[in-house]
A.B. asks: 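Would you mind keeping the following structure in view while I ask a few things?
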Amino acid sequence: MKPLLTLYLKELKEHRTFAALSLVVTICIQVVVFAKIDLPPGPGDMVLGFLAAISVGLPPLIAPFFLAHIYNAEWKGNTHYLTLSLPIPRWYIRLSKWGAVLSLSGFLYMIACTGVYILYLWIAGHLETKVYPIGFADFWVVAITWWVSISLLTLGLITAMEGLRSAIKRFRTVLAGGFLGICLLTFARLMDPASEALQFLGAYRYEIIGPGGLISLREIALSGHAFAAVYGLLMLALGLYLFNRFSEI
């Protein structure tokens, strides 16, 4: 596993500039929100709230496009033969890239969520009516659950699509795009029956105490998130197999 770790660290080092730029953009967005928002917030602050939400949504949304770019960068630069000639399993190459993007996305997501949660507590503390926001542990459980399911699903689909592109010789882009569409359609069709089959996982419930001490019980069904994560991992395995089996120098 040492070669895999070495490749993983190499990918992290190569893409640290992009990660740093994304971090700066995230922090700038949140600084603007902190500086401009009124306390207590009014209707005119909805745009600022939307900006704060964007800072949280950017890492998992950008990650699949960035991963697709990384997969194709070596082929377009005609340097892929260097990595394919290494005496290691070929699927290590793709898995290291997948792991690096997943790690960077998770790091940026946690930074963004930390800023949004601090903003959330700050606003709640300045409301005229006392509000007890979602607890620290509950916030992170909900945030991480969403990130894991979305990230594993999207990055797995991209890996499967790019694995197919490495296995075919003609009409790669068209066939890979069609394959991605089929995978998405299959996921949508299987979501309901799979969620029912995974009902035994239950739901995560948490409380939010609103104005006047009114307790609001919220929950997130774990079955849907679990299926999305498992489906993404299956697509990852398929993409790694196709690349390992059919990629050529």
Side-chain angles (χ1 to χ4, degrees), residues 50 53-54 56-68 71 91 94-95 98-99 101-110 112-113 116-117 120 132-165 167 175-210 214-245:
F50 180 70
I54 287 179
V56 174
L58 278 178
L61 291 178
I62 292 178
F65 297 99
F66 186 54
L67 181 61
Y71 281 155
W91 61 273
R94 287 293 172 93
L95 184 60
W98 176 88
V101 172
L102 184 69
S103 300
L104 293 174
S105 173
F107 171 73
L108 294 172
Y109 181 77
M110 291 185 67
C113 283
V116 167
Y117 187 66
Y120 177 51
Y132 299 87
I134 181 175
F136 180 80
D138 290 333
F139 172 82
W140 281 110
V141 169
V142 173
I144 292 174
T145 298
W146 277 100
W147 176 80
V148 168
S149 60
I150 292 174
S151 297
L152 292 183
L153 175 62
T154 56
L155 298 182
L157 287 170
I158 292 299
T159 303
M161 181 185 73
E162 294 298 333
L164 179 65
R165 289 188 64 182
L175 293 177
F179 174 75
L180 179 61
I182 292 173
C183 290
L184 289 172
L185 180 61
T186 302
F187 173 76
R189 291 290 182 87
L190 293 177
M191 173 59 81
D192 288 340
S195 297
E196 292 180 4
L198 296 173
Q199 284 295 328
F200 65 90
L201 295 176
Y204 183 81
R205 296 178 175 84
Y206 57 97
E207 295 179 349
I208 296 179
I209 305 177
L214 180 63
I215 298 177
S216 177
L217 183 64
R218 308 290 178 83
E219 68 175 35
I220 55 172
L222 299 178
S223 56
H225 292 284
F227 173 64
V230 170
Y231 190 85
L233 290 175
L234 290 175
M235 292 295 102
L236 170 66
L238 174 61
L240 294 178
Y241 169 76
L242 291 173
F243 181 77
N244 188 71
R245 177 68 176 80

A.B. asks: Working note: Leu152 + Trp98, criterion side-chain contact (heavy atoms from CB on, under 4.5 Å); need CA distance, chi angles, decisive distance, verdict.
C.D. replies: CA-CA 10 Å; Leu152 292 183; Trp98 176 88; 3.6 Å; yes

A.B. asks: Ignoring hydrogens, what is the shortest heavy-atom contact between Leu242 and Gly163? Give both atom names and the distance.
C.D. replies: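 Heavy atoms only, the tightest pair is CB-O, 3.5 Å.
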
A.B. asks: In Å, rounded to the nearest 0.5 Å, how long is the span from CZ of Arg165 to CG of Leu180?
C.D. replies: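 The CZ atom of Arg165 sits 11.5 Å away from the CG atom of Leu180.
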
A.B. asks: Any idea how Tyr117 and Tyr120 line up, ring-wise: parallel (<30°), tilted (30 to 60°), or perpendicular (>60°)?
C.D. replies: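 Rings of Tyr117 and Tyr120: tilted, 30 to 60°.
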
A.B. asks: Nearest 0.5 Å, what's the CH2-CG distance between Trp91 and Leu240?
C.D. replies: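 One gets 7.0 Å once the value is rounded to the nearest 0.5 Å.
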
A.B. asks: Which heavy atom of Leu164 sits nearest a heavy atom of Leu175, and at what distance?
C.D. replies: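 Nearest heavy atoms, Leu164 then Leu175: CD2-O, 3.9 Å.
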
A.B. asks: Which residue pairs pass the salt bridge (charged side-chain N to carboxylate O under 4.0 Å, His left out) test when at least one of the two sits in residues 138-149, sequence neighbours left out?
C.D. replies: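 Sorted pair list comes back empty.
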
A.B. asks: Measure across Leu201 and Ala226 and return the closest heavy-atom pair with its distance rounded to 0.1 Å.
C.D. replies: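 Minimum heavy-atom separation between Leu201 and Ala226: CD1-CB, 3.5 Å.
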
A.B. asks: Are more than 12 heavy atoms from other residues, nucleotides or ligands located less than 6.0 Å from atom CH2 of Trp146?
C.D. replies: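 No - once you tally the heavy atoms of other residues, nucleotides and ligands closer than 6.0 Å, there are 12 at most.
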
A.B. asks: Minimum heavy-atom separation for Pro60 to Ile150, with atom names?
C.D. replies: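 Pro60 and Ile150 have their closest heavy atoms at CB-CG2, 4.2 Å.
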
A.B. asks: Would you compute the distance between atom OG1 of Thr154 and atom CZ of Phe65 and round it to the nearest 0.5 angstrom?
C.D. replies: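 It is 9.0 Å, given to the nearest 0.5 Å.
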
A.B. asks: Locate the shortest heavy-atom distance separating Ala68 from Glu162; write the atom from each residue and the value.
C.D. replies: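 Smallest interatomic distance, heavy atoms only, reads CB-OE2, 4.1 Å.
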
A.B. asks: Before you tell me yes or no, could you show the steps for Phe187 and Leu153 under side-chain contact (heavy atoms from CB on, under 4.5 Å), namely the whole-Å CA-CA distance, both residues' side-chain angles and the distance that decides it to 0.1 Å?
C.D. replies: CA-CA 10 Å; Phe187 173 76; Leu153 175 62; 3.8 Å; yes

A.B. asks: Looking at Trp147, is its backbone amide N or carbonyl O close enough to the side chain of Ser151 to form a donor-acceptor pair, meaning the two atoms are under 3.5 Å apart?
C.D. replies: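 Judged by distance alone, yes, a pair lies under 3.5 Å.
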
A.B. asks: Atom OG1 in Thr159, atom CG in Leu67: separation rounded to 0.5 Å?
C.D. replies: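 Separation between the atoms: 5.0 Å.
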
A.B. asks: Do the non-hydrogen side-chain atoms of Leu157 and Phe179 ever get within less than 4.5 Å of each other?
C.D. replies: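 Side-chain contact under 4.5 Å: no.
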
A.B. asks: Indicate the atoms forming the closest heavy-atom contact of Phe227 with Ala194, along with that distance.
C.D. replies: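 The pair with the smallest heavy-atom distance is CD1-CB, 3.4 Å.
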
A.B. asks: Check whether any side-chain heavy atom of Ile158 sits under 4.5 Å from a side-chain heavy atom of Tyr71, and report yes or no.
C.D. replies: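 Ile158 reaches Tyr71 side chain to side chain.
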
A.B. asks: Looking at NE2 of His225 and OG of Ser195, how far apart are the two atoms once the value is rounded to the nearest 0.5 Å?
C.D. replies: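 Atom-to-atom, His225:NE2 and Ser195:OG are 9.5 Å apart.
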
A.B. asks: Are more than 12 heavy atoms, taken from residues, nucleotides or ligands other than Met191, located less than 6.0 Å from that residue's CE atom?
C.D. replies: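 Above 12, so yes.
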
A.B. asks: Given Tyr231 and Thr186, is the side-chain contact (heavy atoms from CB on, under 4.5 Å) satisfied, shown in steps?
C.D. replies: CA-CA 10 Å; Tyr231 190 85; Thr186 302; 3.7 Å; yes

A.B. asks: Look up atom CD1 in Ile220 and atom OG in Ser149, then write down how far apart they are to the nearest 0.5 Å.
C.D. replies: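 Here the rounded value is 8.5 Å.
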
